[in-house]
Amino acid sequence: MDIKEEIGRLRDTLNRHNHNYYVLNSPVISDKEFDEMMKELEKLEAEHPEFSDPLSPTQRVGSDLTKGFEHVRHERPMMSLANTYSIEEVDEWAKRIDKSLEGEEYGIVGEMKFDGTSISLTYRNGRLLRAVTRGDGTEGDDVTANVKTIRSIPLQLLPGDWPEEFEIRGEILMPWEVFERLNAERSYNEEPLFANPRNAASGTLKMQDSREVAKRHLDARFYYLLSDNLPFDNHYENMLAAEHWGFKVSKAMTVLKDLKQIDEYIAYWDEHRKELPVATDGLVFKVNSLRQQLNLGSTAKSPRWAVAFKFNPERACTPLRFVSFETGRMGIVTPVANLEPVQLSGTIVKRASLHNDDIMQELDIHEGDSLYVEKAGEIIPQITGVDKSRRPAGAHKIEFVKNCPECGTPLTRIFGEAAWCCPNKYGCRPQITGRIEHFCARRMMNIDGIGEETAELLYANHLVSTIGQLYDLTEEQLSGLDRIGPKTASRIIKGIEDSKSVPFERVLYALSIPNVGETTAKRIALSVKSMDAMLKMTLEELTAIPDVGPIIAKNIYDFLREPINGNNIEALRKAGVQLEVSSDKLTPAGNALEGKSIVISGTFAHHSRDEYKDIITSQGGKNVGSISKKTSFVLAGDNMGPSKREKCEQLGIPMISEDEFLKMIGK
């Protein structure tokens with residue numbers, strides 16, 4: 001057997017089956033057969049490293065060596081499209097095309113506008129050479145290592161008449177199914193949820209570890225081919241050719257002959273886009289002829305030969321089944337609209353928060369009402385109105401509950417806020433289990449295996465009603481519970497043991513002190529140095545801590561003097577949990593940011609957002625969550641939100657890039 005030929009045969013075969021599975025959705029062999037072939041190739045490559053190839057199918061898993069991203073200048077600028085928001089505006093664009101071409105016949109290609117992150121791929125001799133993000137349109141980041149993990153993107157093209165070198169542009173996407181699963185995991189770990197699949201795809205593409213990118217199961221769709229030697233003189237046939245070479249091209253792409261067909265195309269996809277497995281936010285219309293595209297030219301910002309039509313936010317009207325009232329970890333009672341299931345933005349919506357009593361009153365919700373619910377591309381559904389024409393005769397208005405739905409305690413109104421709260425903090429089940437779950441979460445004590453269900457299980461079995469009791473658990477106790485086997489029990493006990501080395505600032509955050517979030521906990525820990533010192537502080541001394549005003553100071557003071565919390569702190573001390581700041585953090589790394597208030601926005605190449613928060617604190621700076629006149633500057637990464645950018649411009653707040661920031665602190 002010729003080893004080199006056999007390796008080549010296996011690579012070609014696996015590439016073909018990969019295309020069948022991830023692009024055509026029509027596998028012709030079983031997963032087992034595919035895996036066996038992959039193992040055989042891996043074995044041969046390991047035995048014969050002289051035949052290694054960075055584009056081999058075996059390299060799709062990614063590497064942990066991805067560091068930073070090189071900036072690459074686009075050979076052809078990646079321009080943005082002009083947006084329209086009505087059929088009439090699209091028709092006006094088509095009429096301008098007709099006028100500019102002076103009556104010459106032309107075709108319009110309609111295609112889906114996928115809501116992802118833009119990418120430009122360059123191929124040479126049928127092999128992926130480089131993958132670059134849109135960036136500022138002139139230059140972007142080289143993310144080739146991460147793109148190689150995306151199974152629907154060919155590393156080696158299928159046989160065809162492809163040019164020796166060409167560029168193809170498209171969108172990197174996160175399918176709805178993957179997005180929902182990722183957010184469910186982040187919710188379990190009490191991490192911030194991604195607002196939409198676009199943000200999730202963009203953040204994933206900039207991750208430093210391409211092995212983690214591979215786990216996110218990104219997808220892609222391609223929409224434009226560029227080269228000095230294209231196979232056809234029109235956009236439509238070029239994209240069909242790209243599809244034959246192995247690229248995933250939207251099945252919605254079609255040639256439209258007149259305004260009537262354009263209008264029908266818009267009407268059809270405004271409804272049927274909801275059935276697609278990936279997010280979309282509109283349609284794109286392009287003049288088909290490349291010669292006519294060239295003659296029509298571009299403005300400074302966008303091509304004249306193409307236009308985007310943006311869909312209105314998805315909205316549905318669905319009957320209200322009932323309003324439930326749910327008590328959270330901090331005792332706040334939230335009204336939730338339980339709805340007849342309705343599909344929005346690729347997901348089934350059954351529930352939507354009504355937030356508080358004031359919003360309920362404003363919406364004027366009655367029993368049996370039909371409610372308007374929107375997602376507008378965001379993950380959290382919102383109730384935006386009531387169709388009062390459908391209201392049943394004699395329907396009663398839904399009033400906010402007066403007593404806690406869990407323990408029956410009369411609710412109290414939080415001063416100056418719209419929230420109603422259950423004051424029975426230490427006797428109300430969801431508040432108790434919520435504090436246990438919060439304490440164990442990844443950003444707090446990181447005790448693997450204790451989430452919402454396990455916290456409920458431990459409480460129901462009278463094993464844990466306070467966080468201090470976690471440190472008394474044994475493997476035998478845990479193994480005797482439903483749904484917890486010996487391996488899980490062992491993992492939980494190990495997590496509890498490992499939590500004893502978690503730094504004091506995270507312990508402070510884990511305690512669930514009202515209004516003491518992650519950033520505030522860090523500032524307090526660095527100021528007070530230890531739990532012993534904080535226990536001795538007066539209300540006035542607590543108020544003097546940076547970022548701690550009278551309300552937070554009162555919350556801390558009252559919390560520390562509650563006997564249950566005092567007993568918990570002593571239990572943590574006895575278990576060996578860190579209750580003072582480590583010596584290495586007592587000495588600041590520098591004072592380059594002394595006195596500066598900094599907002600972090602966007603995604604970054606060199607450090608995570610959490611790492612930048614620590615860097616800012618270590619350099620004497622202050623992390624703040626929102627932009628105001630007091631903001632010194634914004635550390636602006638990729639995909640900074642447009643609203644924040646606009647606010648910076650309005651207030652004259654500087655936006656500092658990641659590289660500029662690192663130079664500022666001497667790195």
Side-chain angles (χ1 to χ4, degrees), residues 73-121 132-140 166-171 221-242 249-250 252-267 269-270 280-312 642:
R73 192 171 185 83
H74 293 295
E75 187 174 335
R76 305 168 181 87
M78 292 186 73
M79 306 179 82
S80 57
L81 296 180
N83 289 326
T84 60
Y85 294 89
S86 68
I87 290 178
E88 291 74 24
E89 287 180 310
V90 176
D91 291 349
E92 285 299 318
W93 168 81
K95 289 173 184 176
R96 288 196 299 273
I97 295 295
D98 190 58
K99 184 178 179 181
S100 297
L101 294 176
E102 298 179 341
E104 182 183 352
E105 286 191 10
Y106 64 94
I108 297 292
V109 176
E111 53 193 52
M112 196 61 61
K113 186 176 184 296
F114 292 102
D115 195 15
T117 185
S118 298
I119 197 73
S120 165
L121 306 183
V132 183
T133 63
R134 183 182 182 278
D136 62 3
T138 303
E139 66 174 21
F166 67 89
E167 178 186 355
I168 189 166
R169 292 176 178 175
E171 295 281 310
R221 299 291 188 280
F222 292 92
Y223 55 71
Y224 202 58
L225 195 63
L226 301 100
S227 174
D228 294 331
N229 187 27
L230 290 170
F232 298 99
D233 64 358
N234 67 85
H235 169 65
Y236 183 74
E237 288 184 292
N238 281 330
M239 292 314 300
L240 290 183
V249 175
S250 171
M253 184 180 67
T254 189
V255 178
L256 306 165
K257 297 178 181 178
D258 51 36
L259 290 181
K260 183 173 182 291
Q261 287 190 352
I262 290 175
D263 295 353
E264 289 172 348
Y265 187 80
I266 291 173
W269 282 112
D270 195 15
T280 61
D281 62 348
L283 300 168
V284 175
F285 298 97
K286 300 172 182 173
V287 171
N288 192 24
S289 164
L290 301 187
R291 176 185 59 80
Q292 290 175 336
Q293 287 184 10
L294 188 64
N295 290 336
L296 288 165
S298 304
T299 67
K301 293 183 177 180
S302 55
R304 293 189 180 92
W305 46 265
V307 71
F309 168 78
K310 301 279 281 188
F311 292 126
N312 288 322

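Hydrogens, waters and symmetry mates play no part in the numbers below; they use all other heavy atoms, side chains included. All figures in this text were calculated on a predicted structure; none of them were measured in a lab.
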Exercise. Looking at NE2 of H235 and OH of Y223, how far apart are the two atoms once the value is rounded to the nearest 0.5 Å?
Worked result: 10.5 Å

Seminar exercise, completed: On a heavy-atom basis, the closest approach of L121 and I119 is CD2-CG1, 3.9 Å

For this session: Any chance you could measure L296, atom CG, to I97, atom CD1, to the nearest 0.5 Å?
Result: 4.5 Å

For this session: Classify the side-chain pair E111/S250 by whether it contains a donor and acceptor separated by less than 3.5 Å.
Result: no

Seminar exercise, completed: In short, G282 meets M112 closest at the heavy-atom pair O-SD, 3.7 Å

For this session: List for me each residue that meets salt bridge (Lys or Arg N to Asp or Glu O under 4.0 Å) alongside R134, sequence neighbours excluded, and say none if there are none.
Result: none

Exercise. side-chain hydrogen bond (donor to acceptor under 3.5 Å, both in side chains) with R221: which residues, sequence neighbours excluded?
Worked result: D219

Exercise. Taking all non-hydrogen atoms of both residues, which atom of K95 and which atom of L259 are closest, and how far apart?
Worked result: CE-CD1, 4.0 Å

Problem set entry | Derivation and outcome, side-chain contact (heavy atoms from CB on, under 4.5 Å), residues M79 and S298 | CA-CA 9 Å; M79 306 179 82; S298 304; 3.9 Å; yes

Problem set entry | side-chain contact (heavy atoms from CB on, under 4.5 Å) assessment of T280 paired with K113 | CA-CA 6 Å; T280 61; K113 186 176 184 296; over 6 Å; no

Exercise. Taking 4.0 angstrom as the limit, do R96 and E92 come out as a salt bridge?
Worked result: no

Seminar exercise, completed: When every non-hydrogen atom of T133 is compared with those of M78, the smallest separation belongs to O-SD, 4.4 Å

Exercise. Where does the angle between the aromatic ring planes of Y265 and F285 fall among parallel (under 30°), tilted (30 to 60°) and perpendicular (over 60°)?
Worked result: perpendicular

Exercise. In terms of heavy-atom contacts, does CZ of R76 have more than 12 from other residues, nucleotides or ligands at under 6.0 Å?
Worked result: yes

Exercise. Hey, does Y224 have a side-chain heavy atom less than 4.5 Å from the side chain of N238?
Worked result: no

Exercise. Between S118 and E171, is any side-chain donor less than 3.5 angstrom from a side-chain acceptor?
Worked result: yes

Seminar exercise, completed: Separation between NZ (K260) and CG (D91), nearest 0.5 Å, reads 12.5 Å

Exercise. Taking C-beta and beyond as the side chain, do V132 and H74 meet within less than 4.5 Å on heavy atoms?
Worked result: yes

For this session: Report the distance from atom CG of D98 to atom CG of D258, rounding to the nearest 0.5 Å.
Result: 11.5 Å

For this session: Report yes or no: does N288 contribute a side-chain atom to a donor-acceptor pair with the main-chain N or O of Y236 at less than 3.5 Å?
Result: yes

For this session: Look at the side chain of E237 and the backbone N and O of N234, then say whether any donor-acceptor pair between them is shorter than 3.5 Å.
Result: no

For this session: Could you tell me the separation between the CZ atom of F166 and the CG atom of D228, rounded to the nearest 0.5 Å?
Result: 13.0 Å

For this session: Calculate, to the nearest 0.5 Å, the distance between atoms CZ and CD belonging to F309 and E89 respectively.
Result: 9.0 Å

For this session: Evaluate side-chain contact (heavy atoms from CB on, under 4.5 Å) for W93 paired with I108, printing each intermediate quantity in order.
Result: CA-CA 11 Å; W93 168 81; I108 297 292; 3.6 Å; yes

Problem set entry | Nearest atoms (heavy-atom pairs only) where M253 meets V109 | CG-CG1, 3.6 Å

Problem set entry | Sidechain-backbone polar pair: Q292 side chain, E105 backbone, donor-acceptor under 3.5 Å | yes

Exercise. Taking all non-hydrogen atoms of both residues, which atom of V90 and which atom of I262 are closest, and how far apart?
Worked result: CG1-CG2, 3.7 Å

Problem set entry | Which residues share a salt bridge (Lys or Arg N to Asp or Glu O under 4.0 Å) with E139, sequence neighbours left out | none

